[in-house]
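Protein chains get the first letters and strands the later ones, always in sequence-line order, with residue 1 at the start of each. Values reported hereafter were calculated over all heavy atoms of this structure, with side chains retained and with hydrogens, waters and symmetry mates removed.
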Amino acid sequence: MSIRTALIPHKHVRFSDSIVGLSGYLRHLLVEPHTLDELWTQVDRDSSGWQSRPSFTHLVLAVDVLYAIGAVEFVGDGRIYSVQNT
Amino acid sequence: MTSLHEDFWYRTLFKLRLYEASGNAFQRLFSEVMQQALPGFQAVAPWGNWGDGGNDGWCPPENRYFQVYGPEATTEVNVVQAATKAVGDFAKLRKKWPGVERYHFVCNDRYCGMPAPIGSMLLDLAKQEKLLEATPFSSADLTARFISLKDSQKVAIVYGIPSELPDFIDPHAVSELLTGLADGDNTHPSLLDGVSPDFDAKIKLNGIKSPVSESLSYYFYQVADVDRFLNARDIGLAQKIAFEIKALYHDSKKVIPNSADAPNERYVWLIDRLIPTSLPRHPHSMKAYRQAAQVIIAKYFETCDAYEHPNSFNPA
């Protein structure tokens, strides 16, 4: 996967397809603690409310971005939670 | 009979090969053409201390000898040095090949014209050595020999050329091309602004002429093949290829000097560079790959990754 070019929106990468874009959406979902599987269940459906249907790899990368910038943290039991809500 | 379309492809592909050929590569290209164009032509390989005796290729039935000189593209052809080398090499040639009656100094001048002193010195040489013929042989002369070949012989030198009106684009070739591009080195991304300008206006502003202008418009209708492929792959791939194409176009400006024909020549150069070098250079497969590559160029031409964005032109 071309992570560098998929990270931010470009001429050929829509905002909703970019990893940063998806990260923003996940952060909105993480108002309560979720496991990765729970997040995937919410995102991997047509009625998710997000404009694109990301792959699982894309989802994991978006979570990685949130963790790297300190926007989420582990709260135990395999769950992550948005820092602004702690 | 060769159509105008085929003539454009053969001429441009051969011209690009000449632009890039220097030293041994030019000598090999010269031999490839002459072996087909001049009956009885033989290439000469240096042998031990004997070397080649100043003979880079000859035609024994005519006692015709060629001295080949392929300077690097980045170095200016020094008139005095080139002429002196031509005459100096003749003495070496006659010593080892006494039967010489016709002599040609072949130089890859990259269509700039042979320096006048070379012709003059060779005329003097012909008188002095009582030769039947002694003339310079330029890139244009070699091109004329190449164009006079049969289509099957031209194909053997520049490989297959795209059909005028292909019925379909082989998606396998497209995927192979994109894989080759995607596996290459990446450049740093930068946010690009601007809206895609009108397709025809961009063709005009970039100075692209027939038949390339028609090809771009024609292949643009098949861009959906590329989009379908890209949509099925990971998200950053389209952007990554855009960077590759942009870098390739930038390189094309270094290889092909500005001229009225440069936009068309760069188009053909880009197509050839899109095809991964690891692929077998078979005429039939090259024909399919070149057609597929034209669809990719059409896509990225429309989005201004290849060629200049109209906003980049200075109105002054």
Counting only heavy atoms not in [X], do more than 12 sit closer than 6.0 Å to its [atom1] atom?
X	atom1	answer
Lys253(B)	NZ	yes
Tyr67(A)	OH	no
Phe74(A)	CZ	no

Original post:
Given side chains that start at C-beta, do those of Arg4(A) and Phe243(B) come closer than 4.5 Å, heavy atoms only?
Top reply: no
**OP:** Could you tell me which non-hydrogen atom of Ala6(A) sits nearest to which non-hydrogen atom of Gly236(B), and how far apart they are?
**Re:** CB-N, 3.7 Å
Original post:
About how many Å separate CG of Leu230(B) and NE2 of His12(A), when rounded to the nearest 0.5 Å?
Top reply: 9.0 Å
**OP:** Any chance you could measure Gln239(B), atom CD, to Leu7(A), atom CG, to the nearest 0.5 Å?
**Re:** 12.0 Å
